[in-house]
Amino acid sequence: MNKNFRKAMIAVGVLAALVSGTTHAAFPDDKPITLVVPFAAGGPTDKVARELALLMTKSLKQQVIVENTPGAGGTVAAKKVMSAKNDGYTLLVHHIGMSTAPGLFRNLGYDPMTDFEHLGQVADAPMIMVGNKDLQAKNLKELMVYIKAKGLDAAYANAGIGSASHLCGLLFMSAVQQDMTTVPYKGTAPALTDLMGGQVQLMCDQTTNLAGQLKAGSVKAYGASTLQRIPAFKDIPTLHEQGLKDFQVNVWHGVYAPKGTSKDTTDKLSAAIKASINDASYKAKMTDLGVVVPNEKSASPAGHKAHLKAQIDLWTPIIKKAGIYAD
Ligand code: ASP
């Protein structure tokens with residue numbers, strides 16, 4: 001074989017290996033996987049994501065890191081992940097906001113059903129209406145008297161339009177038939193700091209964020225957003241049992257990859273998510289925070305996708321009827 005011919009054969013061999021993908025390392029390769037969180041660090045969505053990142057790192061044997069990208073009720077982060085490379089290295093951890101955004105935003109710029117791969121649900125967090133601990137009102141009845149007297153002088157904090165705290169506040173104001181001034185934050189972690197400092201009086205937030213403050217007595221609880229009392233917070237009556245009939249908001253969370261991520265990669269990610277949420281430490285931590293860990297069906301990609309669809313169908317007409325929207 002002459003020298004040039006041999007060189008040419010080697011080049012063809014390298015090219016063939018590249019084309020056949022034999023030079024592609026299997027996912028995950030040697031770079032970290034990023035979980036994009038749509039709200040500020042230290043808040044409820046962030047807490048779930050960080051716990052997950054820790055356990056997914058163990059399961060995938062590759063570092064999983066959390067990146068906070070707050071803004072516009074979570075839609076900034078969703079858009080970021082939608083347009084990221086669909087190679088499995090950029091994922092979104094988002095909550096119920098994924099199902100309320102289509103009803104709320106006139107120009108959302110993405111379709112939660114078709115622009116993402118649905119990897120599984122990871123948490124279902126109840127909410128509690130809390131107030132600054134110096135508020136005189138001892139229960140919901142007294143709180144209603146207080147907010148009726150204060151009107152727009154009462155400040156209600158939330159994590160921006162379309163956030164769970166925003167939705168819970170809207171439902172609450174409509175149930176008590178009294179508007180308050182709403183103050184948006186980048187997440188409920190900074191909102192909680194201001195609530196304790198007295199800059200705002202009220203907020204409805206996931207127990208994931210409130211558990212420590214509730215146990216320490218540094219905020220006042222006025223009612224849970226569930227129909228049954230939350231096992232981890234049995235002493236706190238529900239808003240429903242105190243007269244706000246059927247008041248219910250469950251903040252479910254799921255993980256998403258950009259559309260077109262390969263089946264092999266999404267299978268590996270879903271398996272890692274499943275292993276993580278079934279880990280005893282995850283279950284113990286979530287239970288302590290009042291959060292329910294989804295069952296096998298909800299944690300599956302198909303269960304997640306079906307739930308998202310059902311939630312979009314539930315929330316869109318409610319939001320449209322209420323005439324709430326954002327640009
Ligand atoms: N709890 C926030 C919300 O209202 C989100 C967050 O800060 O994680 O949606």
Side-chain angles (χ1 to χ4, degrees), residues 35-53 66-78 80-81 91-105 112 121-131 155-173 180 182-196 200 202-214 219 221 224-226 230 233 239 247-256 285-286 289-292 308 311 315 319 324 326:
L35 295 184
V36 178
V37 169
F39 299 103
T45 317
D46 183 75
K47 282 199 175 88
V48 170
R50 282 181 199 273
E51 206 51 49
L52 208 58
V66 170
E67 185 186 292
N68 300 89
T69 307
T75 58
V76 172
K80 181 176 177 166
V81 174
L91 308 175
L92 173 71
V93 178
H94 200 351
H95 63 23
I96 188 172
M98 203 65 169
S99 53
T100 53
L104 278 168
F105 289 84
Q121 287 183 68
V122 292
D124 203 342
M127 302 189 96
I128 294 179
M129 179 63 69
V130 293
Y156 172 89
N158 67 31
I161 187 140
S163 62
S165 41
H166 174 227
L167 293 170
C168 186
L170 288 176
L171 284 181
F172 184 80
M173 286 187 256
M180 291 179 266
T182 53
V183 185
Y185 288 81
K186 286 187 170 167
T188 45
L192 183 59
T193 306
D194 269 12
L195 182 134
M196 291 193 295
V200 288
L202 290 166
M203 175 170 75
C204 180
D205 198 15
Q206 286 107 286
T207 52
T208 336
N209 198 31
L210 301 172
Q213 314 301 345
L214 287 168
V219 292
S225 72
T226 43
I230 303 163
F233 300 96
L239 293 166
F247 194 103
Q248 194 181 15
V249 190
N250 281 320
V251 189
W252 62 276
H253 298 60
V255 185
Y256 304 80
K285 206 157 269 171
M286 291 300 141
L289 294 173
V291 176
V292 175
L308 174 64
Q311 286 277 290
W315 282 103
I319 292 164
I324 320 152

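If you're wondering where the values come from, they're calculated on a predicted model, not measured in any experiment. Each residue takes its place number in the sequence, starting with 1. In each ligand, atom 1 is the first atom listed, and ligand 1 is the first ligand listed.
- Scanning the protein heavy atoms around atom 8 (O) of ligand 1, the nearest turns out to be Thr45 OG1, 2.6 Å.
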For side-chain contact (heavy atoms from CB on, under 4.5 Å), just list the numbers for Gln121 and His253, CA-CA rounded to whole Å, side-chain angles, deciding distance to a tenth of an Å, and then say yes or no.
CA-CA 6 Å; Gln121 287 183 68; His253 298 60; over 6 Å; no
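- The aromatic rings of His94 and Phe39 lie perpendicular to each other, with more than 60° between the two planes, well past the 30° mark.
- Assignment of Pro44 to the shell around ligand 1 is supported, since a heavy atom sits closer than 4.0 Å.
- The closest side-chain heavy-atom distance from Pro112 to Pro102 is below 4.5 Å.
- From the protein, the heavy atom lying nearest to atom 7 (O) of ligand 1 is Thr188 N, 2.8 Å.
- No heavy atom of Asn158 sits closer than 4.0 Å to any atom of ligand 1.
- Contact annotation: the side chain of Asp194 approaches that of Tyr185 to within less than 4.5 Å [non-hydrogen atoms, C-beta and beyond].
- Residues Leu192 and Thr188 have side chains not in contact (no heavy-atom distance under 4.5 Å, counting atoms from C-beta outward).
- What sits closest to atom 4 (O) of ligand 1 on the protein, heavy atoms only, is Ser165 OG, 2.4 Å.
- Looking only at heavy atoms of the protein, atom 9 (O) of ligand 1 is closest to His95 NE2, 2.6 Å.
- Neither the backbone nor the side chain of Val251 has any atom closer than 4.0 Å to an atom of ligand 1 (non-hydrogen atoms only).
- Contact annotation for His166 and ligand 1: no heavy atom of the residue comes within less than 4.0 Å of the ligand.
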